Structure formats: C-alpha cells, structure tokens
*Asks:* 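Pasting a structure here, questions to come.
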Amino acid sequence: MGANQALALAVANVHVSFTNLAGFSALAQPYNLRFAYTPAVIVLPTITHHLIDAVLCATESSVIVQAKSGRHSYASFSSGGQNGAMVIDLESFQQITVGARDVAQIGGGVRLGDMALGIFNQSQRALPHGTCLGVGIGGHASYGGFGLDSRMWGITMDTIEGLDVVLANGSFIHATSTAYPDIYYALRGAADSFGIITTFYLQTLAAPASVVNWQYSIPGRFVSAATATAVFTHIQAFARNASVLHRKLGLGVYLDGSGFSVSGTYIGNLTTFNTEVAPELLRGLPTPSSSSIRSVDWIESLTLLASSQPLQHATSRTSYTLHDDFFAKSIGVLSSAPLIAATLTSYFTYIIQNGVNAPDPWFSIRNLYGGPDSQIIVPSPSSAYSDCSALWMLQHYGYTGNTGSPYLPASLTFVNGLNAAITNVMSSTTFVGYLNYVDPSLTTAQAHTLYYGSTTYAKLLSTKHVVDPGKVFSNPQFIGN
Ligand SMILES: Cc1cc2nc3c(=O)[nH]c(=O)nc-3n(C[C@H](O)[C@H](O)[C@H](O)COP(=O)(O)OP(=O)(O)OC[C@H]3O[C@@H](n4cnc5c(N)ncnc54)[C@H](O)[C@@H]3O)c2cc1C
Ligand SMILES: *[C@@H]1O[C@H](CO)[C@@H](O)[C@H](O)[C@H]1NC(C)=O
Ligand SMILES: *[C@@H]1O[C@H](CO)[C@@H](O)[C@H](O)[C@H]1NC(C)=O
Ligand SMILES: *[C@@H]1O[C@H](CO)[C@@H](O)[C@H](O)[C@H]1NC(C)=O
Ligand SMILES: *[C@@H]1O[C@H](CO)[C@@H](O)[C@H](O)[C@H]1NC(C)=O
C-alpha cells in the first residue's frame with residue numbers, strides 16, 4: 001500500500017487502520033488465532049462509496065483485497081490468508097430489515113445471533129443457519145450455512161434472492177438469477193474471488209411456535225470399536241429410514257475425548273417426538289446415560305444450541321472477545337455412498353487408540369445433511385456450491401481454545417488421522433468438503449477439486465477473467481491462483 005493510495009483513502013474520508021496505528025492488532029485479530037496474519041491495511045467503510053474507493057485504490061496499487069464479516073474463517077481468509085492484504089471490515093454494515101414479501105435485507109457485517117433476533121423481533125420470522133451465533137452472514141451465507149433446521153428449510157444460501165456487491169472495477173450491482181447471472185452463480189460458493197457483498201436479500205420463513213431440543217448421551221464409546229460401530233450403524237439406518245425421517249428432524253452425532261451423544265431439534269411437539277421419533281432412534285442402542293428433551297420457543301431453542309451464549313453481539317470488532325486456536329477438516333459423505341462397517345471400525349479403532357490421550361482437546365461432529373425428506377435444495381448447477389448431495393457432513397476439530405497456548409503439531413497429525421481413518425478404507429469413494437470449513441492445509445489444486453470439481457471450476461475461472469482480470473480478490477485458494 002503506497003503513500004499515495006493511503007492519502008487517496010484519507011482524502012475520500014475512509015476510515016483506515018495501518019500496522020503502526022494504535023488499536024491495529026485488536027482489529028486484525030481473527031477468530032482462529034492459529035492464523036494471525038498482518039494485513040497491510042484494514043479499511044472500515046461506513047457507506048458503500050467508501051468501499052468502492054477502497055477497492056479501486058487496491059486495484060491501482062496491486063494490493064489484494066478480502067472482505068471481513070464475522071471473521072470466523074477457519075483459515076483466516078478474511079485477514080487475506082496471508083500477510084499484506086487490504087482487509088475491508090464490514091462491521092458498520094449492520095442493516096437488519098424485513099421488507100416486502102418477508103425478504104430480509106441483511107448487511108454484510110451482521111452476525112447470525114443479531115440477525116435471528118432482529119428478524120424475529122420485527123416480524124416473528126426466521127432463517128436457517130448454523131448454531132454458533134457469532135459467525136457472520138458474509139462467510140456463512142456465501143459458502144453454505146448449515147443448521148439443525150436445514151433439513152426443513154435448506155441452508156442459508158438457499159434463501160438468497162439477491163446480492164448487492166462491489167466488483168473489482170468499482171461497479172456496485174444487484175445480482176440475481178436473472179441480473180448478472182454468472183456473477184450471482186459465482187458469489188454463491190466463491191464470493192471471496194469475485195467481490196464484496198454489502199447486502200444479502202434473504203427469503204425468511206415463519207418462526208415455529210415451539211421446537212423440541214433433544215439430546216441423548218450414549219455410554220461406552222471407548223469400550224470397543226465393535227460396539228461403537230453398531231451404535232453408529234443403527235443411527236445411520238435411522239437417518240436413511242423414510243418411514244420415520246421427516247424434514248422436521250435435525251440430527252447430529254457428537255464425539256470427543258470423553259463422550260458420545262446424539263442430539264438435535266424437532267420442529268413439532270413433545271408427544272410426536274416421544275412417540276414417533278425417539279423409539280426408533282433409540283431401538284437397540286445402549287440405554288442413554290443421560291438425556292434432555294425440552295419443548296422451547298424459537299429464540300430459546302437458538303440460545304440453547306449456542307450453549308447459552310447471548311444472541312445479541314457488540315457490533316464493534318474490538319469488543320468481540322471469543323477466539324479459538326484450532327485446525328479442522330471436513331468430509332462430506334455422499335448419500336450414494338454411506339459409511340460402511342469396515343470404515344466405522346477403522347475410525348473407532350483409531351479413536352480408541354489415539355483419542356483419549358490426544359495431544360490437545362478435539363471433537364468430531366457428523367451432522368445429518370441429507371436423508372429422506374431433506375429440503376436442502378440442490379442449487380448446482382445454478383450456483384458454485386456443490387455439497388448438496390451429502391448424507392453426512394463430518395467435521396474433525398482439534399483445539400486449544402482461547403488460552404494463548406500454541407496448537408501442537410501433533411494435533412495436526414491426530415486430526416488428519418481421523419480423516420484418514422475414513423478415507424483410507426473407502427479409498428475409491430468420492431467425498432466432498434464443506435466450503436465453510438475451509439481447510440488451509442490443502443494445496444490450491446486440491447481445494448479446487450474438493451470444493452468445486454472441474455466443471456464448476458472452469459465456469460468460475462472464465463467469469464473471474466471477465467470480472468476480476470487483475471486478481472484483486474484473492475487468498476491462497478482463490479479462483480485463478
Ligand atoms: C465456532 C464456529 C462455529 C461454526 N458453526 C457453524 C455451523 O453451525 N454451521 C455452518 O454451516 N458453519 C459453521 N461454522 C463455519 C462458518 O460458517 C464459516 O467459518 C463462515 O465462513 C464464517 O463466516 P464469517 O463471516 O464469520 O467469516 P469471515 O472470516 O469474516 O469470512 C469468511 C470468508 O468469507 C469472505 N467474506 C466474508 N464476508 C464477505 C462479503 N460480505 N462478501 C464477500 N466475501 C465475504 C471472507 O473474505 C472469507 O473468505 C462455524 C465456525 C466457527 C468458527
Ligand atoms: C425489538 O423491537 C423493538 C421495537 O419494536 C426495538 O426497540 C428493539 O430495539 C428491538 N430489539 C432488537 C434486538 O432488535
Ligand atoms: C424403519 O423404521 C420402522 C419404524 O418406523 C422400523 O419398523 C423399521 O425396522 C426401520 N427400518 C430399518 C431399515 O431400520
Ligand atoms: C402434537 O402434534 C400433532 C401433529 O401435528 C398433533 O396432532 C397433536 O394434537 C399435537 N399435540 C399436542 C399436545 O399439542
Ligand atoms: C464492471 O464490471 C461489470 C461486470 O463485468 C460490467 O458489467 C461493468 O460494465 C463494468 N463497469 C465498468 C465501468 O467497466
């Protein structure tokens with residue numbers, strides 16, 4: 001970033017922060033402390049015009065640009081994914097308005113908790129989204145947005161109707177399926193390479209009057225791989241059983257160094273859950289060591305799923321203090337090739353041998369994505385998102401938390417081993433990866449294959465050549481790298 005460009009931004013009245021200014025490091029801090037890159041400059045636009053000036057300035061000075069929304073990127077791509085980027089922080093873009101046809105206009109810097117509370121408070125409306133309410137709409141909706149309500153309503157991306165976006169040449173456009181369709185396609189799955197979304201137009205849904213939040217702890221996980229395999233095999237059979245699975249049911253299986261549980265939500269009442277869902281789910285499983293089944297209202301359901309963290313967040317970047325230090329990998333298991341007993345045995349054997357004494361804490365979640373009646377729309381070929389045919393989305397996550405203690409290299413080995421215990425056994429099976437769990441350990445080519453596949457990637461590349469020929473919007477895995 002040269003002095004002339006800095007001056008130009010100052011003249012344009014854009015609030016910027018440089019490395020030598022007080023408060024820079026707090027502003028630069030990502031959620032994942034493991035990838036703490038140093039941007040060349042952090043731009044804090046308050047109006048769209050500032051954002052346009054900043055992008056044009058970067059284009060002229062050949063500085064790469066990345067947008068920052070809730071800054072929860074696993075790889076800190078919103079800090080550039082490398083040193084020296086221009087970070088455009090959208091913390092002032094906080095619009096939350098439910099308008100005509102119940103379409104919500106959500107500013108590019110809004111966090112999920114504020115969005116959920118705002119649209120419910122205004123009009124008793126809701127959107128499907130993830131459980132961690134400090135995540136930003138910017139990354140979440142652009143790369144998916146999976147929650148326990150997604151089997152009923154789809155992922156957050158499915159609710160997008162239109163996007164206001166600033167492009168590399170400084171134009172500010174409204175992209176929809178009919179206006180700028182190629183850009184609209186690219187923004188849903190690869191926004192980081194195409195522009196900065198200032199406003200998301202999302203089709204809201206009526207919030208349910210009540211939700212059953214349910215959870216069962218299953219004992220004996222470390223007893224034997226055979227027992228754990230039998231438990232999971234039954235849960236998978238349940239998850240594929242059309243006579244019992246309804247879109248109202250959201251389900252995830254959670255494992256860590258000390259426990260094994262199955263939990264989720266049911267958009268219905270306690271009686272139906274207890275009579276129509278629970279008996280088949282629990283049939284043949286060890287008696288749960290504990291359980292919690294509660295009928296609650298919509299906002300309380302979201303609060304419980306967020307481990308009782310508040311829904312409302314300080315919008316100022318520097319007053320949000322939650323962090324972690326982690327490495328994660330994802331595996332999307334396709335509905336056409338569910339997990340087989342040999343894979344599960346390999347996986348649980350690995351956990352029994354290595355999980356109790358793993359170098360750092362870890363967890364694994366397998367969320368039920370597909371299964372009978374799942375309403376996750378198959379947006380491809382209409383978007384660059386390609387995970388829609390997954391049955392399970394698995395995530396393996398090793399962490400040290402917000403303690404300042406460094407993440408041990410041995411944890412990388414352990415987390416990679418969790419993935420390998422599955423992929424090695426099903427070596428001829430195709431797996432997908434979830435863009436919102438972006439994995440910085442992949443090479444650019446691996447990332448493009450895993451996240452897009454060759455047809456989608458070729459389409460994205462041709463749009464990139466037209467819309468951002470100077471490769472202004474870039475990070476280590478960007479389209480065209
Ligand atoms: C603790 C935790 C819990 C999570 N839980 C879930 C979950 O339940 N379900 C789920 O689906 N995912 C979950 N995620 C993953 C989450 O959805 C992604 O990390 C998401 O991309 C974060 O979005 P963000 O805006 O907070 O991140 P940021 O780091 O701000 O941005 C992520 C990426 O999007 C780009 N970007 C951001 N805003 C814009 C914009 N306005 N225009 C263009 N590009 C933009 C950035 O440049 C960056 O590449 C979780 C993540 C964490 C850390
Ligand atoms: C809820 O709505 C009231 C008025 O309708 C408003 O004063 C309040 O700020 C809103 N709260 C949130 C969190 O949106
Ligand atoms: C599907 O669920 C029904 C109960 O609704 C049960 O009788 C049947 O055995 C289940 N099928 C499988 C394959 O588990
Ligand atoms: C529960 O939901 C079912 C199905 O929608 C309905 O028939 C039943 O009356 C409800 N029961 C109660 C107690 O609300
Ligand atoms: C900027 O790029 C968009 C998308 O390619 C294009 O439609 C528009 O005409 C361009 N604007 C200018 C001023 O070149």
Side-chain angles (χ1 to χ4, degrees), residues 30-32 35 51 65-81 85 87-91 93 96 106-123 128-148 150 155-157 163-166 187 190-200 233-234 236-245 252 276-277 279-281 283-284 299 305-306 309 311-312 317 322-324 326 328 330 365 367 369 372 393 395 397 399 434-438 473-475 477-478:
Y31 178 82
N32 187 0
F35 300 107
L51 215 160
V65 174
Q66 286 287 278
K68 180 178 275 194
S69 177
R71 59 106 199 265
H72 276 63
S73 167
Y74 279 25
S76 297
F77 281 179
S78 52
S79 300
V87 168
I88 301 193
D89 190 325
L90 297 167
E91 75 170 32
F93 287 69
I96 302 170
I106 306 295
V110 172
R111 293 184 197 270
L112 302 181
D114 296 295
M115 177 176 83
L117 203 57
I119 61 177
F120 183 79
N121 190 27
Q122 278 176 43
S123 54
H129 53 74
T131 51
C132 174
L133 301 175
V135 164
I137 193 69
H140 198 64
S142 302
Y143 301 106
F146 175 84
L148 288 164
S150 290
I155 54 177
T156 316
M157 185 189 287
L163 299 164
D164 288 342
V165 53
V166 173
L187 289 170
D192 52 342
S193 296
F194 290 92
I196 299 191
I197 301 161
T198 58
T199 307
F200 289 81
T233 300
H234 171 71
Q236 182 168 265
F238 168 83
R240 302 176 74 208
N241 188 340
S243 74
V244 64
L245 252 264
E276 291 177 15
V277 181
E280 178 57 21
L281 173 63
R283 182 171 64 84
I299 292 296
L305 293 174
Q309 294 284 334
L311 269 68
Q312 201 158 14
R317 196 68 49 205
L322 291 180
H323 297 281
D324 198 354
F326 69 98
S330 68
I365 305 181
N367 277 315
Y369 212 74
M393 190 58 72
Q395 170 171 215
Y397 188 109
Y399 64 101
Y434 182 30
L435 276 163
N436 258 330
Y437 300 155
V438 60
F473 297 114
S474 78
N475 62 44
Q477 295 178 0
F478 80 102

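Computed from a predicted model, the values in this text were never measured in an experiment. Every number for a ligand or one of its atoms is a count from 1 in the order of the listing. Below, each value reflects all heavy atoms present in this structure, side chains not excepted, and no hydrogens, waters or symmetry copies.
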*Asks:* Report yes or no: does Gly195 have a heavy atom closer than 4.0 Å to ligand 1?
*Replies:* yes

*Asks:* Hey, is ligand 1 close enough to Tyr434 that some N/O pair sits below 3.5 Å?
*Replies:* yes

*Asks:* Listing by chain and number, which residues have a heavy atom under 4.0 Å from ligand 3?
*Replies:*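 Close residues (ligand 3, cut-off 4.0 Å): Asn241, Ser243, Glu280, Arg283.
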
*Asks:* Distance under 4.0 Å to a non-hydrogen atom of Phe77: what atoms of ligand 1 satisfy this?
*Replies:*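 Ligand 1 atoms under the 4.0 Å threshold to Phe77: 49 (O).
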
*Asks:* Among Tyr397, Tyr399, Phe35, Tyr437, which residue meets the ring pair (Phe, Tyr, Trp, His ring centres under 6.0 Å) test with Phe326?
*Replies:*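 Testing Phe326 for a ring pair (Phe, Tyr, Trp, His ring centres under 6.0 Å) against Tyr397, Tyr399, Phe35, Tyr437 leaves exactly one candidate, Tyr397.
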
*Asks:* Any side chain to side chain donor-acceptor pair (under 3.5 Å) involving residues 131-142? Give me the pairs, sequence neighbours left out, ordered by first then second residue.
*Replies:* none

*Asks:* Have a look at Ala306, Pro30, Ser78, Gly134 and point out the one with the heavy atom closest to atom 29 (O) of ligand 1.
*Replies:*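 The option holding the nearest heavy atom is Ser78.
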
*Asks:* May I ask you to check if ligand 1 and Tyr397 share an N or O to N or O distance below 3.5 Å?
*Replies:*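 N/O-N/O distance under 3.5 Å: no.
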
*Asks:* Indicate yes or no: does an N/O atom of Ser69 lie under 3.5 Å from an N/O atom of ligand 1?
*Replies:*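 Between Ser69 and ligand 1, an N or O pair is found under 3.5 Å apart.
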
*Asks:* Say whether His72, considering both its backbone and side-chain N or O atoms, lies within less than 3.5 Å of an N or O atom on ligand 1.
*Replies:* yes

*Asks:* Check ligand 1 against Gly145 and write out every atom of the ligand that is under 4.0 Å from a heavy-atom position of the residue.
*Replies:* 11 (O)

*Asks:* Evaluating non-hydrogen atoms only, which member of Phe200, Phe93, Tyr437, Phe146 is closest to atom 13 (C) of ligand 1?
*Replies:*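 It is Tyr437 that holds the nearest heavy atom.
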
*Asks:* Kindly check if the number of other-residue, nucleotide or ligand heavy atoms within 6.0 Å of CD (Gln312) is above 12?
*Replies:*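 Result for CD/Gln312: open.
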
*Asks:* Between atom CD1 of Ile119 and atom CD1 of Ile96, what is the distance when rounded to the nearest 0.5 Å?
*Replies:* 8.5 Å

*Asks:* What are the atoms of ligand 1, with element, lying closer than 4.0 Å to any heavy atom of Cys132?
*Replies:*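 Every atom of ligand 1 under 4.0 Å from some heavy atom of Cys132: 1 (C), 2 (C), 3 (C), 4 (C), 5 (N).
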
*Asks:* Output the list of atoms in ligand 1 that are nearer than 4.0 Å to some heavy atom of Tyr143, sorted by atom number.
*Replies:* 33 (C), 34 (O)

*Asks:* Short N/O distance, under 3.5 Å, between Ile137 and ligand 1?
*Replies:*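 Between Ile137 and ligand 1 (N or O atoms, distance only) the closest approach is not under 3.5 Å.
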
*Asks:* Gly130 heavy atoms, cut-off 4.0 Å: which ligand 1 atoms fall inside?
*Replies:* 7 (C), 8 (O), 9 (N)

*Asks:* Show the atoms of ligand 1 that are less than 4.0 angstrom away from any heavy atom in Asp192.
*Replies:*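 With Asp192 as reference, the close atoms of ligand 1 come out as 49 (O).
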
*Asks:* To the nearest 0.5 Å, what is the distance between CD on Gln395 and OH on Tyr74?
*Replies:*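 Rounded to the nearest 0.5 Å, the CD-OH separation comes to 3.5 Å.
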
*Asks:* Are the side chain of Glu91 and the backbone of Gly109 linked by a donor-acceptor contact shorter than 3.5 Å?
*Replies:* no

*Asks:* Going by heavy-atom distance to atom 10 (C) of ligand 1, choose the closest among Arg111, Arg71, His140.
*Replies:* His140

*Asks:* Mind checking whether Phe473 and Phe478 have ring centres under 6.0 Å apart?
*Replies:* no

*Asks:* Is Leu322 close to Tyr31 at the side-chain level, that is, under 4.5 Å between some pair of heavy atoms?
*Replies:*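 Yes, side chains in contact.
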
*Asks:* Mind checking whether Asn121 has an N or O less than 3.5 Å away from an N or O of ligand 2?
*Replies:*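 There is such a contact, yes.
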
*Asks:* Would you say Ser69's side chain and Gly108's backbone share a donor-acceptor pair under 3.5 angstrom?
*Replies:*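 Judged by distance alone, yes, a pair lies under 3.5 Å.
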
*Asks:* Give the numbers and elements of all ligand 1 atoms closer than 4.0 Å to a heavy atom of Leu90.
*Replies:*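 Near Leu90, meaning under 4.0 Å from one of its heavy atoms, ligand 1 has 41 (N).
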
*Asks:* With a 4.0 Å heavy-atom cut-off (strictly under), which part of Gln312 contacts ligand 2: side chain, backbone, both or neither?
*Replies:* side chain

*Asks:* Is the backbone N or O of Gly147 less than 3.5 Å from a side-chain atom of His129, with the two atoms forming a donor-acceptor pair by type?
*Replies:*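 No; zero donor-acceptor contacts below 3.5 Å.
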
*Asks:* Decide whether an N or O pair under 3.5 Å exists between Gly70 and ligand 1.
*Replies:*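 N/O-N/O distance under 3.5 Å: yes.
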
*Asks:* So if I count the atoms of ligand 1 from 1 in the order they appear, which ones are less than 4.0 Å from some heavy atom of Lys68?
*Replies:*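 Those qualifying, in numeric order: 30 (O).
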
*Asks:* Among the heavy atoms of Ser142, does any lie under 4.0 Å from an atom of ligand 1?
*Replies:*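 Not so, Ser142 does not reach ligand 1.
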
*Asks:* Does Ser76 reach the main-chain N or O of Pro30 with its side chain, forming a donor-acceptor pair under 3.5 Å?
*Replies:*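 No: the side chain of Ser76 does not pair with the backbone of Pro30.
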
*Asks:* So, for Ala85 and Ser79, which heavy atoms are closest and what is the spacing to 0.1 Å?
*Replies:*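 Closest approach of Ala85 to Ser79: CB-O, 4.2 Å.
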
